[in-house]
Amino acid sequence: MRGRRNARSSLVQAVSLRPATWHPCLDMGHLHRPSSRTSHRNLPHVFLLFLFVGPFNCLASYSRATELLYSLNEGLPAGVLIGSLAEDLRLLPRASGRQNQQLLHPERTASEGNPPLSFSLASGGLSGQYVTLNNRSGELHTSAQEIDREALCLDGGGGAAWGGSISIASSPSSDSCLLLLDVLVLPQEYFRFVKVKIAIRDINDNAPQFPISEISVWVPENSPVNTRLAIEHPAVDPDVGINGVQTYRLLDYHGMFTLDVEENENGERTPYLIVMGALDRETQDQYVSIIIAEDGGSPPLLGSATLTIGISDINDNCPLFIDSQINVTVYGNATVGTPVATVQAVDRDLGTNAQITYSYSQKVPQETKDLFHLDEVTGVIKLSSKIGGSVLQAHKLTILANGPGCIPAVITALVSIIKVVFRPPEIVPRYIANEVDGVVYLKELEPVHTPIAFFTIRDPEGKYKINCFLDGEGPFRLAPYKPYNNEYLLETTKPMDYEVQPFYEIAVVAWNSEGFHVKRIIKVQLLDDNDNAPVFLQPLIELTIEENNAPNAFLTKLYATDADSGEMGRVSYFLGPDAPSYFSLDSVTGILTVSTQLDREEKEKYRYTVRAVDCGTPPRESVATVALTVLDKNDNSPRFINKDFSFFVPENFPGYGEIGVISVTDADAGRNGWVALSVMNQSDIFVIDTGKGMLRAKVSLDREQQSSYTLWVEAVDGGEPALSSTTKITILLLDINDNPPLVLFPQSNMSYLLVLPSTLPGSPVTEVYAVDKDTGMNAVIAYSIIGRRGPRPESFRIDPKTGNITLEEALLQTDYGLHRLLVKVSDHGYPEPLHSTVMVNLFVNDTVSNESYIESLLRKEPEINIEEKEPQISIEPTHRKVESISCMPTLVALSVISLGSITLVTGMGIYICLRKGKKHHREDDNLEVQIPLKGKIDLCMRERKPVDISNI
């Protein structure tokens, strides 16, 4: 035990022990020290022990409660020894010799009558999750659940409470994490209530991590050296102490920055960016580097994020002109508004810091300011009034560029005015088309060669040749109008389309031989006509929707374009006359909806037209076709064509023969309409072909074993979820003659019956009883005697229907002995009847005095002649023939005896003959069909004991 504790001392350490007789308020220095080597290392843990347990135990009196403190690293595998409660409680040294034996060998002492020590957690709970306790030795080990200090003590604050067998607590110090256990030591004479605290030591198993992957810091460009800026979102490390974040660094300092780390009173470290050089946004406005956080573990773990340092602008640049002076020339005949020059200054700052306004210096005379207008935003100088003859020939314009908080930049514009000796040509327009404020309005549908205006070209000097031409692009032509001179007609050259180009700007230019020219600007605005019909994006709009849709379901939004403008280009939407009433189309938005629920099984495809109509006069329209396909949903169960099915099958039907087809349909389509059939019951006998629906029997069917079968067949479709239905199938087996009659009595060919000689004629002697497993005519049995042997075996007769054997004539002295009747039992099966035979043995005697003699007779194979004679059918001529043949000997005998009494004798003879005729009539009515048997009959001995039947 001691060796194992030394082996685990680096990972698990027992820090202190407070025995039952120890009082913390009386003896603060009485601590158990496992070894002198570890006493100094245990001082922090001893302090932690007193910090937690001291304040509570100072109020307690002497008790048998004990507290132990262990410490171990997080993340240890299962089975690591934490400590031995028996050893650390010092139970071994205090026990007597007999008790020591009990502690060392609890099984031996238990057999001797002394109960062993038992260690157990005070109650159930989380004990099996983190630690395991050996209830015999008291050893604590780590369990299969790995201890993660960060998961257990994530809150890092609060005190500890003993609420159960195991609980988790963290000390006020963020470095402490305790696992609390309550342990009972039994039996009563060794009772201890031990409170165990296990301090979980942190290991460096977590790397620092920044909360965001990209961090931005803005630094003003005028920040002085050593400016400190806190970097928000510092790295987080769940580990504590030296394993937490210790330092930060940059991967690239760019020679302009460095990092510093400050720690507050809570131990949190915040990185600070320090400016180490002069910044200039205009030189470089952004620096990108990688910030790295490093913990103090061994080896250390790292975390990184992208740090973007943006340089914010300040107003440290003023407007600046590239040139200090510009020279400009203006003709004296220049028109008002003619641009003279443009000045432009540059400010390298951004935003409001770079806003520039232009103004004249106060040195510029007011007359010059009135002649030349300066735009304070753009810096454009324009001629603001007509140049008169008294205007100075040279003007000096001093212009200032003003920036916020800056000294204005200065530029000088020297303007020279050149007087014009000759007057330029004049252009006099006379408009034919509608003209308003210099804009000519034409309809786009105007024909070719539509006149627009006449232009008269004049030379004020009257001595120069003037050329006139049209400047600009467009379907226009300027041509001389003959026979007049200097008259020109402006007209169109081809049809114009508002949708192609709605506006044109052209100029009529007059140029004299001296190079002076004049230009007249003409603006042509086309007026739109309703010459375009709306156009759908697609002439065929193909849509799909699942069946069983919600009412007013959205289908699509129609969109048609109209190249016309204004009201002529506004499009309204309407359904065509072939559209069903339950479809709705919003005329403004073009949203197409269906107001009712669609059923694919009722109708799968809809095809109708929609119209797009503009608001022109007259309106134009276009038509598109909507093709809506209703998609199938699995909303129909498979349906059998019959409620139930019945099949008639002959028995002995071959295995896997086709019994019948089970027809089933499913109104759904595709996979939803795929149907699979299966037999729900008796699937060991019957099987169904899923594809064809053919029902088959796996084995041959025997009606005698079971005459009918009732099956339940389930049809399941391929939908999700699948739907199903069932049907009842009745299979009735038709009988065939496959079973011969079975003789039940007599039970053996060796049995016999004693018939007394005094038995009266017509009395029943015995019977033959047989059954047939078939049904119908196949089970109708007929009995007949096909062989006889004995003194007078014809004395016995069998009823063909009942099988009763009766005595026909009185028995004589010569009839004593064994009579053997071979009885054939035949059915009326089709196409060929089946039969069985049985030997009926009748022993005529007063008594049975010698059974062995009778049995010897029975054992002999009888030589019985089988009657091959076909049975006679009972018809009238046969009766008369039999009657005449049998009556003639009697009449002859009677005529010899008494010739005198012919009439009487004849009458008596006729009477006797009639009686005999009745007997033969009864025999003819009971004629059996006798089938000749070839060969000898094997009479097996089955029963030798005679059967006694009393005469009735």
Side-chain angles (χ1 to χ4, degrees), residues 321-345 357-361 363-401 410-431 435 437-440 453 455-473 478 486 488 490 504-523:
F321 286 109
I322 298 176
D323 299 320
S324 60
Q325 179 177 312
I326 59 174
N327 298 316
V328 180
T329 300
V330 178
Y331 290 99
N333 61 348
T335 57
V336 175
T338 300
V340 176
T342 300
V343 294
Q344 185 175 8
T357 59
Y358 301 93
S359 62
Y360 284 125
S361 171
K363 298 179 181 181
V364 178
Q366 188 62 40
E367 294 81 4
T368 303
K369 293 180 182 179
D370 295 338
L371 182 60
F372 302 101
H373 175 266
L374 173 63
D375 191 307
E376 66 177 6
V377 176
T378 62
V380 176
I381 304 172
K382 293 183 180 180
L383 187 64
S384 59
S385 62
K386 190 174 181 180
I387 299 175
S390 59
V391 175
L392 297 176
Q393 301 301 309
H395 297 269
K396 182 179 180 180
L397 306 179
T398 302
I399 301 171
L400 306 179
V410 180
I411 189 173
T412 301
L414 300 178
V415 181
S416 300
I417 297 177
I418 300 175
K419 285 188 177 183
V420 178
V421 178
F422 303 100
R423 290 181 293 173
E426 294 179 358
I427 300 175
V428 179
R430 286 171 292 173
Y431 292 100
E435 182 266 340
D437 297 331
V439 179
V440 177
F455 292 92
T456 301
I457 309 300
R458 298 174 181 173
D459 181 14
E461 301 294 333
K463 58 181 179 179
Y464 299 103
K465 182 180 178 181
I466 300 175
N467 295 320
C468 186
F469 62 92
L470 190 63
D471 186 19
E473 295 181 357
L478 184 63
N486 298 328
Y488 294 86
L490 179 63
Y504 297 89
E505 184 172 315
I506 57 177
V508 177
V509 180
W511 192 286
N512 63 13
S513 57
E514 294 295 328
F516 296 102
H517 65 275
V518 65
K519 180 186 295 186
R520 169 72 68 172
I521 302 298
I522 302 171
K523 299 177 181 179

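Please read all numbers here as calculations on a predicted model, not as lab measurements.
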Might you point out which heavy atoms bring [X] and [Y] nearest each other, and give the distance in Å?
X      : Y      : value
Ala413 : Ile399 : CB-CD1, 4.5 Å
Phe455 : Arg520 : CE2-CG, 4.4 Å
Cys468 : Leu478 : SG-CD2, 3.7 Å
Arg430 : Thr456 : NH2-OG1, 2.7 Å
Asp375 : Val377 : OD1-N, 2.9 Å
Ser384 : Val336 : O-CG1, 3.6 Å

Counterpart residues, side chain to side chain donor-acceptor pair (under 3.5 Å), relative to [X] (two or more places apart):
X      : result
Thr335 : Thr338
Ser361 : none
Gln366 : Asp370

To the nearest 0.5 Å, what is the distance between [atom1] on [X] and [atom2] on [Y]?
X      : Y      : atom1 : atom2 : value
Glu426 : Ile457 : CD    : CD1   : 10.0 Å
Ile466 : Asn486 : CD1   : CG    : 6.0 Å
Glu376 : Tyr360 : CD    : OH    : 12.0 Å
Leu470 : Leu490 : CG    : CG    : 6.0 Å
Lys519 : Ile427 : NZ    : CD1   : 10.0 Å
Lys396 : Thr368 : NZ    : OG1   : 11.5 Å

Could I get the full list of side-chain contact (heavy atoms from CB on, under 4.5 Å) partners for [X], not counting sequence neighbours?
X      : result
Pro339 : none
Glu505 : Phe503, Ile521, Lys523
Gln325 : Asn327, Thr412, Leu414
Ser359 : Leu400, Asn402

Listed by chain and number, what are the ring pair (Phe, Tyr, Trp, His ring centres under 6.0 Å) partners of [X], not counting sequence neighbours?
X      : answer
His517 : Trp511
Phe321 : none
Tyr504 : Phe476

With a 4.5 Å heavy-atom cut-off, do [X] and [Y] have their side chains touching?
X      : Y      : value
Val340 : Phe372 : yes
Leu383 : Leu371 : yes
Ile381 : Tyr358 : no

Evaluate the criterion side chain to side chain contact (heavy atoms under 4.5 Å, CB included) for residue pair Val410 and Thr398; output intermediate values, then yes/no. CA-CA 7 Å; Val410 180; Thr398 302; 3.8 Å; yes

Taking everything shown except Glu435 itself, do over 12 heavy atoms lie less than 6.0 Å from its CD? yes

